[in-house]
Amino acid sequence: MKRFAILAVLMLPSCGNVETGDVLVKGGTFIPGNDTIYPEEKTGAAITVFDFYMDRYEVTNREFTAFVKATGYVTQAEKGFADRTDIPVEQRLPGGAVFLMPAPGQRPGWTFMPGASWRHPDGPSTSIAGREDDPVVQVTFADALAYARWKGRDLPTEAEWEWAAGQGRPAPGRDHPMNDGKPTGNNWDGAFPVQNDAKDGYLGRAPVGQFPANALGLHDMTGNVWEITSSIWTASHAKGAATNKAAHVIKGGSYLCAQNFCARYRPQSRQMQEADMGTNHVGFRTVKRKP
């Protein structure tokens, strides 16, 4: 759909646990990116990041529910886009982007789904009941930032996120002896978008923490859902495409990334996400920087 884009050399930082759910990421200097796969991942100049704490897991439905109950916050997907004359009329209703999984009589692919929201992530007939520990989705940059501010925290920059991802892990969804032959992350197993064998145990989103943590103790840094950062998507990322000032960099890939399509389940991967559009494969985690 035209309305939205749906979608190195690293020095390993050290860390220490400071409290349940938090990881201390020690700062350092590294070269971001990867010159061998996608052009938007091209390496850049060395970047230095400073010490910060990062959520061990992606923010969950349970945690976002607590935020909404405490504040009365209403997300962009719930409000809709009635004042946006620059987008098609059918996409101004409250709702969000939903990927339709392959099913009899259903063509897989992306659609704008009226009624989709963080409470109904895959459409109005779906619910988060019983899925409280799944990562929250159908949230925009503003929604994620509002949650982070409520917690006295922030969203990570792209550099912070990539640094925290550290040396990475073997490509998720593939057997590897370091993981006793088990999948290392939640990704698409099979030929996207028509066949998903669910060898990793999940057709869609998984509860957080179901796969091994990375070297720092952070779970789901590659796979499950993409994660919103505070970094603006720029022309230097797009490599010739128009700069979209209303878009942010997302990191880590999702359960829709497959070996044959969008194999972006690596720390260096980056993608664009429109700032005001929620989808059912994008979530976030927060950080708190040390003084």
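Residues: numbered from 1 along the sequence shown.
Asp55 pairs with exactly one of Arg153, Arg285, Lys288, His219 by the side-chain hydrogen bond (donor to acceptor under 3.5 Å, both in side chains) rule, that one being Arg153. None of Val59, Val139, Thr75 except one satisfies the side-chain contact (heavy atoms from CB on, under 4.5 Å) rule with Tyr147; the exception is Val59.
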- Evaluation steps, side chain to side chain contact (heavy atoms under 4.5 Å, CB included), between Met221 and Phe211: CA-CA 10 Å; Met221 289 296 280; Phe211 296 89; over 6 Å; no
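Nearest approach of Pro32 to Glu162, heavy atoms of both residues: CA-OE2, 3.3 Å. When all heavy atoms of Trp163 and Lys26 are compared, the pair lying nearest together is NE1-O, 2.8 Å. Contact between Pro156 and Val287 at its shortest, heavy atoms only, is CB-CG1, 3.6 Å. Shortest non-hydrogen contact noted between Thr29 and Ala46 is CG2-CB, 4.0 Å. Summarising the geometry of Ala206 relative to Pro135, their closest heavy-atom pair is O-CD, 3.2 Å, with the distance given to 0.1 Å. What you find for Ala77 and Ala116 is that their closest heavy atoms are CB-O, 3.8 Å.
A donor-acceptor pair under 3.5 Å is formed between the side chain of Tyr38 and the backbone N or O of Ala263. Proximity of a side-chain donor or acceptor of Asp35 to a complementary backbone N or O of Thr43 within less than 3.5 Å is detected. Checking side-chain atoms of Asp200 against main-chain N and O of Tyr202 turns up a donor-acceptor pair under 3.5 Å. Using a distance-only test at 3.5 Å, with no hydrogens or angles considered, a donor-acceptor pair links the side chain of Lys251 to the main chain of Pro267. Side chain of Arg131 to backbone of Arg205: a donor-acceptor contact under 3.5 angstrom is found. Judged by distance alone, the side chain of Asn186 and the main-chain N or O of Gly223 form no donor-acceptor pair under 3.5 Å. In terms of modelled atom types and a separation under 3.5 Å, the side chain of Arg56 and the main chain of Asp22 share a donor-acceptor contact. For the pair Asn214 (side chain) and Ala164 (backbone), a donor-acceptor distance under 3.5 Å is present. In this structure, Glu41 contributes its side chain and Pro39 its backbone to no donor-acceptor pair below 3.5 Å. Side chain of Glu274 to backbone of Ala247: no donor-acceptor contact under 3.5 angstrom is found.
In this structure, the side chain to side chain contact (heavy atoms under 4.5 Å, CB included) partners of Thr126, at least two apart in sequence or on a different chain, are His120, Pro121, Asp122. For Glu58, there are no salt bridge (Lys or Arg N to Asp or Glu O under 4.0 Å) partners two or more places apart in sequence or in a different chain. In this structure Arg92 satisfies the side chain to side chain contact (heavy atoms under 4.5 Å, CB included) test together with Phe81, Thr85, Ile87, Val89, sequence neighbours excluded. Every side chain to side chain contact (heavy atoms under 4.5 Å, CB included) that Ser127 has, sequence neighbours left out, goes to Ala129. The ring pair (Phe, Tyr, Trp, His ring centres under 6.0 Å) search around Phe52 returns none, not counting sequence neighbours. Remark: Ser125 pairs with no residue by the side chain to side chain donor-acceptor pair (under 3.5 Å) rule, at least two apart or across chains. Qualifying ring pair (Phe, Tyr, Trp, His ring centres under 6.0 Å) partners for Trp188, counting only residues two or more places apart in sequence or in other chains: Phe192. With sequence neighbours left out, the side chain to side chain contact (heavy atoms under 4.5 Å, CB included) criterion links Leu93 to Pro114.
Using a cut-off of 4.0 Å between Lys/Arg side-chain N and Asp/Glu carboxylate O, Glu63 and Lys151 are scored as not salt-bridged. Using a 4.0 Å cut-off between charged side-chain N and carboxylate O, Arg62 and Asp134 make no salt bridge.
Using a 4.5 Å heavy-atom threshold, the side chains of Glu160 and Thr229 count as separate. The shortest side-chain heavy-atom distance between Leu145 and Asp154 falls under the 4.5 Å cut-off. Between Phe284 and Asp143 there is no side-chain heavy-atom pair separated by less than 4.5 Å. Annotation: side chain of Trp110 is in contact with side chain of His281 (closest heavy-atom distance under 4.5 Å). Taking 4.5 Å as the limit, some side-chain heavy atom of Trp118 sits within range of a side-chain heavy atom of Ile128. Annotation: side chain of Lys290 is not in contact with side chain of Phe50 (no heavy-atom distance under 4.5 Å).
The structure places OG1 of Thr286 at 11.0 Å from CH2 of Trp150, a figure rounded to the nearest 0.5 Å. Note that CG of Asn280 is 7.0 Å distant from CG of Leu256, once rounded to the nearest 0.5 Å. Going from atom CD of Gln138 over to atom CE of Met277 covers 8.5 Å, rounded to the nearest 0.5 Å. With values rounded to the nearest 0.5 angstrom, Arg149 atom CZ is found 12.0 Å from Phe67 atom CZ. To the nearest 0.5 Å, atoms CD1 (Ile31) and CD (Gln268) are separated by 11.5 Å. The structure places CD of Glu227 at 13.0 Å from CD of Glu158, a figure rounded to the nearest 0.5 Å.
The hydrophobic clustering, which links ILVMFWY residues whose side-chain heavy atoms are closer than 4.5 Å, places Leu216 and Val49 together. In the hydrophobic clustering of ILVMFWY residues, with side-chain heavy atoms under 4.5 Å counting as a link, Ile37 and Trp233 come out apart. Follow the hydrophobic side-chain contacts under 4.5 Å out from Val208 and you never reach Tyr255; the two are in separate clusters. Hydrophobic clustering keeps Trp161 apart from Tyr57 (ILVMFWY residues linked when any side-chain heavy atoms are closer than 4.5 Å, directly or through intermediates).
With side-chain heavy atoms closer than 4.5 Å counting as contact, directly or through intermediates, Val74 stands alone and belongs to no larger hydrophobic cluster. Clustering of Ile, Leu, Val, Met, Phe, Trp and Tyr side chains at separations under 4.5 Å places Val137 together with Val225. Through side-chain heavy atoms spaced under 4.5 Å, either directly or across other Ile, Leu, Val, Met, Phe, Trp or Tyr residues, Val194 is tied to no other residue.
Residue pairs that meet the salt bridge (Lys or Arg N to Asp or Glu O under 4.0 Å) test with at least one member in residues 71-80, sequence neighbours left out, are Glu78-Arg119.
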